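Note that this is a predicted model, so its numbers are computed, not measured.
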Amino acid sequence: MSVRVRILPDKNLVHVRYSGVVGIGESFESFRSYAAHPLARPGQRFLIDLSQATGIEEDIPGLMAFQAEMACTFMAGIAPSFILYFAPTPATYAIARMAQRSWDGMEKPAVVIQQDEAQAFSLLGLPEVRLSDLVGTLA
């Protein structure tokens with residue numbers, strides 16, 4: 001599995017791209033790196049790009065611990081305003097839905113799943129952007 005995080009301050013966006021099997025340990029590591037990054041800010045929108053993911057590590061307790069750590073970190077200051085999971089396949093939709101459910105009952109952030117790229121970027125307020133534009137910035 002691979003996870004890459006890119007903060008795009010000019011777009012007020014954090015692009016998180018997963019490929020392969022989503023692993024909890026690597027997710028923890030990438031999130032902690034983001035939280036400590038000098039460009040991390042309250043109110044940033046998150047695009048969790050699952051378009052290249054193939055599955056998720058079966059570690060429900062680990063996933064719950066990861067979501068809890070994110071929630072605590074967000075409540076302590078760098079809370080995003082919006083999290084969008086881009087999940088274009090049935091398998092990635094299932095992953096996104098599991099993650100989305102972990103936010104149930106939380107007042108913030110708003111968490112949505114989108115399967116259509118154009119609609120995803122429209123919801124992010126970036127209708128002129130395409131996934132290929134962001135992926136190029138990750139290299």
Side chain of Q44, backbone of L39: donor and acceptor closer than 3.5 Å? yes
Does anything in residues 31-40 form a salt bridge (charged side-chain N to carboxylate O under 4.0 Å, His left out)? List the pairs, not counting sequence neighbours. R32-E69
Evaluate the side-chain proximity of V111 to Y85: yes if any heavy-atom separation is below 4.5 Å, no if none is. yes
Determine whether more than 12 heavy atoms belonging to other residues, nucleotides or ligands lie under 6.0 Å from atom CD of E128. yes
Can you tell me how far OH of Y93 sits from CE of M98, rounded to the nearest 0.5 angstrom? 13.0 Å
Residues S27 and Y18: side-chain donor-acceptor under 3.5 angstrom: yes
Do you know which two heavy atoms are closest between V3 and V16, and how far apart they sit? CG2-CG1, 3.7 Å
Donor-acceptor under 3.5 Å (Q52 side chain, G20 main chain): no
Partner set under side-chain contact (heavy atoms from CB on, under 4.5 Å) for S122, not counting sequence neighbours: none
Which one of L47, V129, I48, V5 satisfies the side chain to side chain contact (heavy atoms under 4.5 Å, CB included) criterion with H15? L47
The criterion is side-chain contact (heavy atoms from CB on, under 4.5 Å); which residues satisfy it with S51, sequence neighbours excluded? R17, D49, F86, P88, L131
Does one side chain, of S30 or S33, offer a donor that lies under 3.5 Å from an acceptor on the other? no
